[in-house]
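In what follows, a structure is listed as structure tokens, so that the remarks can point back to it.
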Amino acid sequence: MPPRDPTCAYLGPDGSYTSQAARQLVRLARVALIPCATIADVFAADTTHAVVPLENTIHGVVQETLGCLLASSPAAAAEEEEEEGQPRWSVSTTYDKPIQHALVVKRGTPIENVRWVASHEQALGQCQAFLGATFPSAKILAVSSTALAAHTVHAYAYPDIPPVHAPAPIPDTLRDSPGAAICSVELAQSLSGLEIVRKSIQDVQDNHTRFMLLCRRDATGTDTAAAAATATAAAATTTAAQDPASTCFFRIDDPRTLTAFLGRRSTTLVAVHSKAFPASSRANNGHPPSHPQELHKVQAKYAEKYNKRYLVEVVAPTPLEHADLPGVVRL
Ligand SMILES: O=C(O)C(=O)C[C@]1(C(=O)O)C=C[C@@H](O)C=C1
């Protein structure tokens, strides 16, 4: 196969925190940045690279990313016929970004008039205390990114202006009521007609989200783009100070293997994340059902299959290419 030009998918639209992270991670102008509507769409994108959020210091792991990553690793694709043809990703590097959320409304809207607040579920989770105290009775709406939330507020506030991005659907009963979005200050300032009414509304002031630069691998495990290595190297250069080259991610299928894995090499365990349900279950935005009675709606084979997978992050003295243990896969 001829080498492909490097391209990088990210969670958009433009102005999302992930788009800001992607610009930091991929600094080469010739790498085309491609916005996607959801994290699942990023993983499904036909690109050589991808940038997705992994975890946040307040709200923890980004469930949809974890589900997609565990489902699209090389061994998963090889093992499971139904996933053949899915892109296979490995982690090139990570990037830690400070996150300061702002609350935005249509210019001139008194905050006490706000009836609904939209944002990405991570941002909503990071601002939980603020939301509870400020909007005890407003409707909280989870949409696929903070940037989409801001565009949605803009679109419903100014119905006569053609929207830059199609807004997220809002319940009919709320369409004519003032709404607010949680997003970055940079994005809010770029949308004329919106006004920032509160800054730094996250529950802990020192708030960080860690993003991953993913590299697509072919069936043999090598990069699909000759230039991909260059892009990855450039990315590594920009983040080297924060992310040692020896940070490695593994997928572990059985938690009992973890002890053996850590015992056989001099690694330091950084984190173990688990995901109970697959990202392909779009119901409830990829999260486990909030009501136990809804459990039956999730296909049993998926619950069984994905229950046992863990994302394990370790720091090793030198990069580990292979785990040399059954059921442990380097991502
Ligand atoms: O919604 C966005 O703007 C994103 O880029 C996603 C995301 C996330 O999923 O963690 C990124 C950073 C912040 O933590 C909030 C939201």
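Just follow the structure's listing: the first ligand is 1, and inside any ligand the first atom is 1. Only a predicted model underlies this, so the values are computations on that prediction, with no experimental measurement involved.
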Can you report which non-hydrogen protein atom sits closest to atom 14 (O) of ligand 1, along with the distance? Thr209 OG1, 2.8 Å

Do Arg216 and Thr48 have a side chain donor and acceptor closer than 3.5 Å? no

Side chain, backbone, both or neither: which part of Gln126 has a heavy atom under 4.0 Å from ligand 1? side chain

Closest heavy-atom approach to atom 8 (C) of ligand 1 among Ala123, Ala147, Ser184, Pro53 is made by Pro53

Any side-chain donor paired with an acceptor under 3.5 Å for Gln126 and Asn207? yes

Distance only, no hydrogens: is a donor on one side chain within 3.5 Å (strictly under) of an acceptor on the other, for Ser184 and Gln100? no

Just how far is it from atom OG1 of Thr209 to atom CG of Asp96, taken to the nearest 0.5 Å? 8.0 Å

Here's one to test your reading of the geometry: is the NZ or CZ of Lys97 within 45 degrees of the ring axis of Tyr17 and under 6.0 Å from its centre? no

Using a 4.0 Å heavy-atom cut-off, which part of Leu11 comes near ligand 1: side chain, backbone, both, or neither? side chain

Counting both backbone and side chain atoms, is some N or O of His101 under 3.5 Å from an N or O of ligand 1? no

Could you check atom 9 (O) of ligand 1 against the protein and tell me its nearest heavy-atom contact, residue, atom and distance included? His120 CE1, 3.0 Å

Which residue and atom name correspond to the protein heavy atom nearest atom 3 (O) of ligand 1, and how close is it? Thr146 OG1, 2.5 Å

Between Thr18 and ligand 1, find which residue part has any heavy-atom pair under 4.0 Å and reply side chain, backbone, both or neither. both

Between CG on residue Leu25 and SG on residue Cys8, distance to nearest 0.5 Å: 8.0 Å

Measure the distance from atom 12 (C) of ligand 1 to every protein heavy atom, then report the residue, atom name and distance (to 0.1 Å) of the closest one. Tyr17 CB, 3.6 Å

So is there a nitrogen or oxygen of Gln122 less than 3.5 Å from a nitrogen or oxygen in ligand 1? no

Are any non-hydrogen side-chain atoms of Ile140 and Leu124 less than 4.5 angstrom apart? yes

If I apply the N/O under 3.5 Å rule, does Ser145 come out as touching ligand 1? no

Does the pair Leu311 and Phe249 meet the rule for a side chain to side chain contact (heavy atoms under 4.5 Å, CB included), with working shown? CA-CA 7 Å; Leu311 178 69; Phe249 289 86; 3.9 Å; yes

